S.K.: 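This structure is in structure tokens; I'll ask about it shortly.
Given the structure is predicted, the values throughout are model-derived calculations rather than measurements. Lettering of chains follows the sequences in order, A, B, ..., and the numbering in each one begins at 1.
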Amino acid sequence: MPDRTYSISDLASEFGVTTRTIRFYEEKGLVHPRREGQKRLYSAADRVRIKLILRGKRIGMSLQESVEVIDLYDPEHNNEEQLHSLISTVREKRERLLQQKKDIDDMLAGLDEVQSLCEQALQDKPASPTTRNRQRR
DNA sequence: ATTCTAACA
DNA sequence: TGTTAGCA
């Protein structure tokens, strides 16, 4: 049954998002589920597409960026122009991640310093009565 | 009970 | 995106 279909709530609950989020992606043209009257019917392919979009979101990609990557799986768009576009996107993504890594390392260093000062202050000061009570247990 | 559209926060 | 209203 590889041709199973999913309701919008099926996918929403599976991916931990609201149905609004999935409809929102459709508004943005990220997915085009087929309809059965008014109701949306998502195919296994639609499901994968949404999964990839959410993954891209987690690693900081914009919805548009995710679409660019996802479209590579579509033979129709594997032309030279698209590939150049993707290479450009990947390069920019790499630069952004490196910058984030630097910012995180700097902040981590700052936190180490603060923690060190706090521990130092506790060590140089005699334990308060309440602290002694906790230590006794 | 579910889903849908539309509109507003 | 969340929420909410009013339908089907």
S.K.: State whether the distance check finds a donor on one side and an acceptor on the other, under 3.5 Å, for side chain A:Arg20 versus base C:dT3.
M.R.: yes
S.K.: Looking only at side-chain N and O atoms, does A:Thr18 come under 4.0 Å of OP1 or OP2 in C:dT1?
M.R.: no
S.K.: Using atom types as modelled and distance alone, determine if a side-chain donor or acceptor of A:Asp46 lies under 3.5 Å from a backbone N or O of A:Ser43.
M.R.: yes
S.K.: Quickly work out the A:Phe15 CZ to C:dT1 C1' distance and round it to whole Å.
M.R.: 18 Å
S.K.: Using a strict threshold of under 4.0 Å (side-chain N to carboxylate O), is an ion pair present between A:Glu26 and A:Arg35?
M.R.: yes
S.K.: Among B:dT3, B:dT5, B:dA7, which is the nearest nucleotide to the side chain of A:Ile8?
M.R.: B:dT3
S.K.: Answer with base, sugar-phosphate or nothing: what part of the nucleic acid does A:Thr19 contact at a heavy-atom distance below 4.0 Å?
M.R.: nothing
S.K.: For A:Leu54 and C:dT1, give me the distance from atom CG to atom P, rounded to whole Å.
M.R.: 8 Å
S.K.: Identify whether any heavy atom of A:Arg23 sits under 4.0 Å from a base atom; if not, whether one sits that close to sugar-phosphate; answer base, sugar-phosphate or nothing.
M.R.: base
S.K.: Round to a whole Å and report the spacing from CD of A:Glu27 to P of B:dC4.
M.R.: 12 Å
S.K.: Name the pairing partner of B:dA1, where a pair is Watson-Crick or G-U wobble with both distances under 3.5 Å, or state none.
M.R.: none
S.K.: A:Lys39 NZ to B:dA1 P: how many Å, rounded?
M.R.: 15 Å
S.K.: Check whether any side-chain N or O of A:Asp112 sits under 3.5 Å from a backbone N or O of A:Ala109 as a donor-acceptor pair, and report yes or no.
M.R.: no
S.K.: Whole angstroms only, please: what is the CD-C1' distance between A:Gln38 and B:dA1?
M.R.: 17 Å
S.K.: According to a strict under-4.0 Å criterion, is A:Thr21 in side-chain N/O contact with OP1 or OP2 of C:dG2?
M.R.: yes
S.K.: Please report the distance, rounded to the nearest Å, between CZ in A:Arg35 and C1' in B:dC4.
M.R.: 8 Å
S.K.: Measure CZ/A:Phe24 against C1'/B:dA7 and give the value in whole Å, please.
M.R.: 15 Å
S.K.: Is the closest basic N to carboxylate O distance between A:Glu14 and A:Arg47 below 4.0 Å?
M.R.: yes
S.K.: So that I can tick it off, tell me whether A:Glu65 and A:Lys57 are bridged by a salt bridge, with the cut-off set at under 4.0 angstrom between side-chain N and carboxylate O.
M.R.: no
S.K.: Could you state the atom-to-atom distance from CZ of A:Arg40 to P of C:dA8 in whole Å?
M.R.: 17 Å
S.K.: Remember a base hit wins even if backbone is also touched, and classify A:Lys57 as base, sugar-phosphate or nothing at under 4.0 Å, heavy atoms.
M.R.: sugar-phosphate
